[in-house]
Amino acid sequence: MKVAVFSTKAYDRQFLEAANSSKQHELVFFEPRLDRDTAILASGFPAVCPFVHDQVDASTLKILAKNGTRLVSLRCAGFNNVDLNAAAELGIRVSRVPAYSPYGVAEHAVGLILSLNRKIHHAYNRVREGNFSLNRLLGFNLHGRTVGIVGTGKIGLILGQIMKGFGCNLLAYDVYQNPGIEAMGGKYVELPELFAKSDIISLHCPLTPETHHLINENAIAQMKPGVMLINTSRGSLIDTQAVIEGLKSGQIGYLGVDVYEQESELFFEDLSGEIIKDDTFQRLTTFPNVLITGHQAFFTEEALHNIAETTLSNITDFEQGRDCPYEICPQPQPGHNKVLVS
Ligand code: NAD
């Protein structure tokens with residue numbers, strides 16, 4: 001099938017072409033993001049392949065449908081950037097890659113925890129400049145500390161396993177309990193207790209209306225003074241202004257984030273040498289106890305391989321008229337194991 005791949009980076013091309021050697025789709029790579037202005041590039045392509053920051057809204061979908069597109073094969077898990085109702089009305093089907101690197105994301109969260117705790121980002125720069133002083137590099141043992149995990153699905157559970165290995169106590173909160181947490185000695189509690197008792201809080205729930213700004217002024221006030229807050233899930237789980245106030249007062253002792261509320265204006269692009277106009281983001285970068293990575297938690301060889309394989313399999317399913325297990329529908333479809341949105 002002829003597929004227009006949008007937001008292409010060199011690594012997307014490398015892994016998609018490798019996975020395609022056994023599938024023989026006709027992949028055409030475009031660097032621009034997919035939106036209403038670039039949708040015309042997909043004229044004559046029955047399938048498009050967008051990523052997380054592409055804008056697959058109703059106006060984009062109308063242009064795609066008019067020019068022959070029948071499948072949106074997302075090469076990511078999240079689908080908040082696709083208007084599923086508009087797609088269904090236009091006869092465009094949508095698929096995604098629901099899981100590709102739970103170990104990669106959990107391990108990245110651990111990387112943020114260790115770097116912040118032992119101030120490895122500062123030590124790296126100091127040693128390169130011949131500064132071997134230990135002043136202000138004091139850390140703490142993870143052993144015996146309490147880690148609060150919000151969202152205990154695939155990634156949250158793996159984070160729990162890793163932190164258990166460090167000798168941490170585990171507290172957890174989720175709307176559905178995962179038996180794996182209690183099996184390793186963790187304890188489910190309500191959010192206020194998790195906030196009050198955790199030395200490290202790590203977010204692993206999706207962004208929904210219920211979880212938007214889950215970490216706000218009120219939540220931060222309930223936390224232990226000097227708490228470490230880690231977010232590798234979605235930027236809008238955190239009210240960034242409230243977190244900045246928490247950092248200024250010392251209530252938040254460490255912040256490690258791989259995601260940011262307004263990240264679509266910044267992340268995945270090389271903006272070095274340019275003026276960053278987002279003052280909130282710039283303020284965050286000034287704190288010595290804040291570590292930001294640009295949505296790279298998923299970015300492992302294994303994940304890119306899995307993303308490419310599943311994306312192209314989804315396209316093959318569609319081409320051959322097979323049921324695709326990773327199709328996303330706006331309405332319940334009896335008899336199908338499909339993801340539903342309300
Ligand atoms: P998952 O679906 O396996 O687990 C999510 C868990 O969150 C589920 O157990 C669910 O019950 C729980 N949850 C839902 N609503 C909740 C609420 N209101 N409060 C508490 N818990 C709630 O998903 P996953 O694969 O573990 O991924 C978790 C998140 O990680 C994703 O939603 C995504 O935003 C993020 N993610 C980030 C990257 C990255 O590169 N930074 C990559 C992949 C996924």
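Atoms within a ligand are numbered from 1 in the order they appear, just like the ligands themselves. Numbers for residues simply follow the sequence, beginning at 1.
Atom 22 (C) of ligand 1 has its closest protein heavy atom at C205 CB, 3.6 Å. Atom 11 (O) of ligand 1 has its closest protein heavy atom at D174 OD1, 2.6 Å. If you check which protein heavy atom lies closest to atom 4 (O) of ligand 1, you get G153 CA, 3.2 Å. When hydrogens are left out, the protein atom nearest atom 19 (N) of ligand 1 is Y173 CE2, 3.5 Å; that is the closest non-hydrogen contact.
The aromatic rings of F299 and Y11 stand perpendicular to each other, their planes meeting at an angle above 60°, with 30° marking the opposite boundary.
For F268 and H53, the gap between ring centers is short of 6.0 Å.
The heavy atom nearest to atom 7 (O) of ligand 1, considering only S233, P206, A99, is found in P206. Closest to atom 41 (N) of ligand 1 by heavy atom, among T232, T300, V259, I149, is T232. Counting heavy atoms only, I155 comes closest to atom 27 (O) of ligand 1 of the residues I155, I181, V150. Scanning V52, V175, D258, V105 for the heavy atom closest to atom 42 (C) of ligand 1 points to V105. Nearest residue to atom 2 (O) of ligand 1 from H108, K154, Q296 is K154 (criterion: closest heavy atom).
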- [ ] Let me see the working for M163 and L142 under side-chain contact (heavy atoms from CB on, under 4.5 Å), right down to the final yes or no.
- [x] CA-CA 8 Å; M163 299 316 291; L142 291 177; 4.1 Å; yes
- [ ] Please assess V243 against L255 for the test side-chain contact (heavy atoms from CB on, under 4.5 Å), listing each intermediate value before the final yes or no.
- [x] CA-CA 9 Å; V243 162; L255 176 71; 3.6 Å; yes
Open item on the list: Run the side chain to side chain donor-acceptor pair (under 3.5 Å) test on E327 and S95 for me, step by step, so that the C-alpha distance in whole Å, both residues' side-chain angles and the decisive distance to 0.1 Å come before the verdict.
Closed with: CA-CA 4 Å; E327 184 170 352; S95 62; over 6 Å; no
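A salt bridge is absent between E182 and K187; no separation between the charged side-chain nitrogens and carboxylate oxygens falls under 4.0 Å.
Remark: the backbone N or O of V257 is not paired with any side-chain donor or acceptor of N231 at under 3.5 angstrom.
Residue contacts with ligand 1 for H204 involve N, CA, C or O but no side-chain atom from C-beta outward (heavy atoms, distance under 4.0 Å). The part of T152 lying near ligand 1 is the backbone, judged by heavy-atom distances below 4.0 Å.
Near H295, meaning under 4.0 Å from one of its heavy atoms, ligand 1 places the atoms 39 (C), 40 (O), 41 (N).
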